[in-house]
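Values below: all heavy atoms of this structure, side chains included; hydrogens, waters and symmetry mates excluded. Source: prediction; values computed, not measured.
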Amino acid sequence: MPGAPTAVHAAIDRLLSRLDAEHRDEFADRVDRWWPDVESGVTALYGQTHDVETLCVDLISRAARAFADRDPELHRLDRIRMLTPDWLQQPGMVGYACYTERFADDLKGVATHLDYLGELGVSYVHLMPLLRPREGDSDGGYAVADYRSVRPDLGTTEDLRNLARQMRAHGMSLVMDLVLNHVAREHVWAEKARAGEKEYRDYFYIYPDRTKPDEYEATLPEVFPDFAPGNFTWDEDVEGWVWTTFNEWQWDVNWSNPAVLGEYADIILFLANLGVEVMRLDAIAFTWKRVGTNCQNQPEVHDLTQVLHALSRMAAPAVAFKAEAIVGPRDLIQYLGTGTHVGKVSDLAYHNSLMVQAWSMLAVSDTQLTRQALRALPSTPSTGTWITYVRCHDDIGWAIDDRDAEAVGLNGFLHRRFLADWYAGDVAESWGRGMVFQFNEETGDKRTSGTAASLAGLEAARNDDETQHALARVFLIHALAYGWGGIPVIWSGDELGTLNDPIWAAEPGHAEDNRWAHRPRLDWQAAERRGDLRTREGKIFQGLAHLAKVRASLPQLHASAESRIYGEHIDRGLLATLRNHPSGPMLCIYNVTEDWRPFPGMEFEPIGFTNPVNALGNNHPVAIGEDGYIWLSPFAAWWVVDQPVG
């Protein structure tokens, strides 16, 4: 494989002259290894309009400066990660996501609760947006005014660096958001654009009249039709229409300008040198614009990610990328790399389809649609890893593919409406107690807010039986996320069975966004009950800790093995997934109904089991009844493996 050109090496030799020969050689070797990805990505993005080698020299020089400034402890972590390139795929990986201030007030507070996370088996901690946002409404922190400073109420960049160091000592990786599609109107780039500096005006999409915006709008959807209709906003200061996909104070940046790529390369490397190990690439699907499309999932999105990925591998190979792409099931796989981008873009992606289908099958006590939808997904690259989850900070958009619905005799639109109504408690027999988010009267689209416990029936439970069913649903749906492969991530509070916050609208700026109902502050008094199995908190917390412990013991859950839907003709109330791994098969069986359901015992021998046990049931042997079936109790979750040796 050809190395980087002489001009590139000459530039980095000058920049790294203060380092010893070993470090200079190490970086030079990385440049040669990752040069083809930088060059091909830059060529695809800008080759028609710019000199590719000049752009590449500039980008790799940025990586060299970051490498030179990197802390020795982080250099050591880089070497460890390069020796364990599958670190994100290990069965022991379990994640936790929270807002810093709602979990523990500030960054120093988070550090005092790392042992709590350790009890859950957590090794991956996602702190929601904590870089300095605009004042006032900031879309939950996603309107960033400064990528290089922390919100003052949460601490300082030095506090962030210290927290990352303490997390590493606890065997945990720090995960943070990097908003790629837009900046706050108050960001220095936007301020300079409004001041008339053409260089920075070119960082954005600004048009003098409606001609071009109207051309784009013809095919653009609206993300927040209730409070941010349209995709362009007139701004008096720049005397133009500014592209604002999400809110009028969030200006979309212009990635067709290579200067923007350079800026974000610097930002990524700055955060990496603070100790951030995983970057959540927010709104990545929106970053490239093309007339006549919905301006999502354009091919160039993957080229720009490839370049940023390669630069991080040069300067900070301990860093991984996670694509925040909540897109259609068949578009999703591209973010883990397909075609020429395999292994070159994001390392992680959200398995939105798994989350949606899990709630869908619980609502209807039937797995036919779920089997169809998950079976239809293309295979993932062996280097890519799913983030699996039950809930996140966001609403649930009911991403049911019309083709999947039609294949099992459903109307996709009507099923999506049913799910939104069911989980809002608007169906007579529903146990869901969520809320409708962003009802679009024109399209009929409804989305859903609510904590896992409220959606699963704990809030609606009127007696012990209903409470037990709700607790079982909570465990079941988490067992599916933990047993699929990838990294299961707990949303803060779900480990304690937290219900919807009844006073969510009382905080300033929250009244118009009911997603705050499932973002309550963690109740540390309730957390004190996490060890008491007589309480809701104890049952759920210990259940999730058990899932993590069992998961870490099973090599079959290494993410390089793929889960596939098993069984064409098994009971429709059961979902079965099979993982084939050199250590042996793993069959996960989930009963999504309130009734006992049969699974045919004849299935075990063809799979390759010799002495099957239920790993979630303390390795209790799987007993086949006289009728030839095993019977799963209501909402049971079984992970079947062969009897462990020793």
Side-chain angles (χ1 to χ4, degrees), residues 99-101 127-157 160 176-207 213 222-224 226-255 257 259-268 270-271 274 276 279-289 295 324 393-394 507-510 512-513 515-516 519:
Y99 286 97
T100 300
E101 71 278 15
L127 298 181
M128 299 298 288
L130 52 78
L131 300 177
R132 186 171 68 81
R134 69 189 298 271
E135 295 292 329
D137 192 358
S138 64
D139 189 22
Y142 289 99
V144 178
D146 185 356
Y147 287 102
R148 297 173 187 270
S149 66
V150 171
R151 273 174 44 188
D153 60 313
L154 301 182
T156 65
T157 51
L160 185 62
M176 277 183 54
D177 292 83
L178 177 63
V179 185
L180 293 181
N181 179 69
H182 48 265
V183 298
R185 184 180 184 274
E186 294 76 10
H187 191 282
V188 65
W189 303 340
E191 288 180 346
K192 290 184 176 182
R194 293 199 305 277
E197 296 187 37
K198 185 181 184 308
E199 175 187 355
Y200 288 95
R201 191 180 176 101
D202 290 344
Y203 276 35
F204 304 98
Y205 297 92
I206 302 173
Y207 302 101
E222 294 176 311
V223 176
F224 294 133
D226 283 5
F227 51 76
N231 290 273
F232 293 85
T233 300
W234 175 261
D235 191 285
E236 288 289 349
D237 292 338
V238 294
E239 297 182 342
W241 291 92
V242 182
W243 199 316
T244 54
T245 296
F246 292 91
N247 286 286
E248 64 181 20
W249 28 262
Q250 288 171 295
W251 287 19
D252 287 35
V253 294
N254 179 10
W255 283 89
N257 178 355
V260 169
L261 176 64
E263 295 275 15
Y264 278 97
D266 276 345
I267 291 165
I268 287 171
F270 168 78
L271 295 174
L274 289 179
V276 180
M279 310 276 181
R280 175 183 178 273
L281 306 181
D282 181 73
I284 187 172
F286 295 83
T287 49
W288 199 270
K289 321 297 189 186
C295 294
E324 190 270 333
H393 75 289
D394 221 339
E507 292 191 45
H510 291 185
E512 301 300 319
D513 186 348
R515 291 174 298 178
W516 289 105
R519 303 167 180 170

- Message: Taking Arg151 first and then Glu101, would you say they form a salt bridge - that is, a charged N and a carboxylate O separated by under 4.0 Å?
- Response: yes
- How many angstroms lie between atom CG of Asp202 and atom CD of Glu197, to the nearest 0.5 angstrom? 11.5 Å
- Query: Hey, mind stepping through Val238 and Arg201 against side chain to side chain contact (heavy atoms under 4.5 Å, CB included) and telling me if it holds?
  - Reply: CA-CA 8 Å; Val238 294; Arg201 191 180 176 101; 3.8 Å; yes
- Task: Could you tell me whether the side chain of Val253 reaches within less than 4.5 Å of the side chain of His182, counting heavy atoms only?
- Result: no
- To the nearest 0.5 Å, what is the distance between OG (Ser149) and CG (Leu160)? 11.0 Å
- Ring centres of Trp516 and Tyr99 under 6.0 Å apart? yes
- Side chains of Val242 and Tyr207 in contact at under 4.5 Å (non-hydrogen atoms): no
- Task: May I ask you to decide whether Arg185 forms a salt bridge with Asp237, counting only side-chain N to carboxylate O separations under 4.0 Å?
- Result: yes
- Task: To the nearest 0.5 Å, tell me how far Lys198 NZ sits from Lys192 NZ.
- Result: 15.5 Å
- Say you draw a straight line from CZ of Phe204 to OG1 of Thr244; how long is it, rounded to the nearest 0.5 Å? 12.0 Å
- Message: Keeping Arg519 on the side-chain end and His393 on the backbone end, is there a donor-acceptor pair under 3.5 Å?
- Response: yes
- Message: Apply side chain to side chain contact (heavy atoms under 4.5 Å, CB included) to residues Val144 and Val183 and explain how you reach the verdict.
- Response: CA-CA 5 Å; Val144 178; Val183 298; 5.8 Å; no
- Note on the structure: Value for CH2 (Trp251) from CD1 (Ile206), rounded to nearest 0.5 Å, stands at 5.0 Å
- Does Arg148 count as lying over the ring of Phe270, i.e. NZ or CZ under 6.0 Å from the six-ring centre, within 45 degrees of the axis? yes
- Item | Side-chain H-bond candidate by donor/acceptor type, Asp139 with Gln250, under 3.5 Å | yes
- Query: Do Arg515 and Asp394 meet the salt-bridge criterion of a basic N to acidic O distance under 4.0 Å?
  - Reply: yes
- Query: Is the shortest heavy-atom distance from the side chain of Thr245 to the side chain of Lys289 under 4.5 Å?
  - Reply: yes
- Item | Side-chain heavy-atom pair Asp282, Tyr142 within 4.5 angstrom cut-off | yes
- Item | Criterion side chain to side chain contact (heavy atoms under 4.5 Å, CB included) on Thr100 and Met128, from CA distance to verdict | CA-CA 7 Å; Thr100 300; Met128 299 298 288; over 6 Å; no
- Is the shortest heavy-atom distance from the side chain of Val179 to the side chain of Tyr147 under 4.5 Å? yes
- Query: Considering only heavy atoms from C-beta outward, does the side chain of Met279 approach that of Ile268 to under 4.5 Å?
  - Reply: yes
- Query: With under 30° as parallel and over 60° as perpendicular, where do the rings of Tyr203 and Trp189 fit, or are they tilted in between?
  - Reply: perpendicular
- Query: Going through the distances and angles, do Glu324 and Leu281 end up as a side chain to side chain contact (heavy atoms under 4.5 Å, CB included)?
  - Reply: CA-CA 6 Å; Glu324 190 270 333; Leu281 306 181; 5.8 Å; no
- Query: Any side-chain heavy atom of Leu271 within less than 4.5 Å of one from Leu178?
  - Reply: yes
- Task: Kindly compute the distance separating SG (Cys295) from CZ (Phe286), expressed to the nearest 0.5 Å.
- Result: 10.0 Å
- Task: Using only heavy-atom distances, determine whether the side chains of Asn254 and Tyr205 contain a donor-acceptor pair under 3.5 Å.
- Result: yes
- Message: For Phe232 and Trp241, I'd like to know if the aromatic rings sit close, meaning centre-to-centre distance below 6.0 Å.
- Response: no
- Is the backbone of Leu180 close enough, under 3.5 Å, to the side chain of Trp255 for a donor and an acceptor to pair up by distance? yes
- Message: Can you tell me if Glu507 has over 12 outside heavy atoms packed within less than 6.0 Å of its CD?
- Response: yes
- Message: I need the minimum non-hydrogen distance between Pro129 and Gly141, along with the two atoms involved.
- Response: CB-O, 3.5 Å
- Message: Does either side chain, that of Asp252 or that of Asn181, offer a donor lying less than 3.5 Å from an acceptor on the other one?
- Response: yes
- So, do Trp249 and Asp137 sit near enough that their side-chain heavy atoms are less than 4.5 Å apart? yes
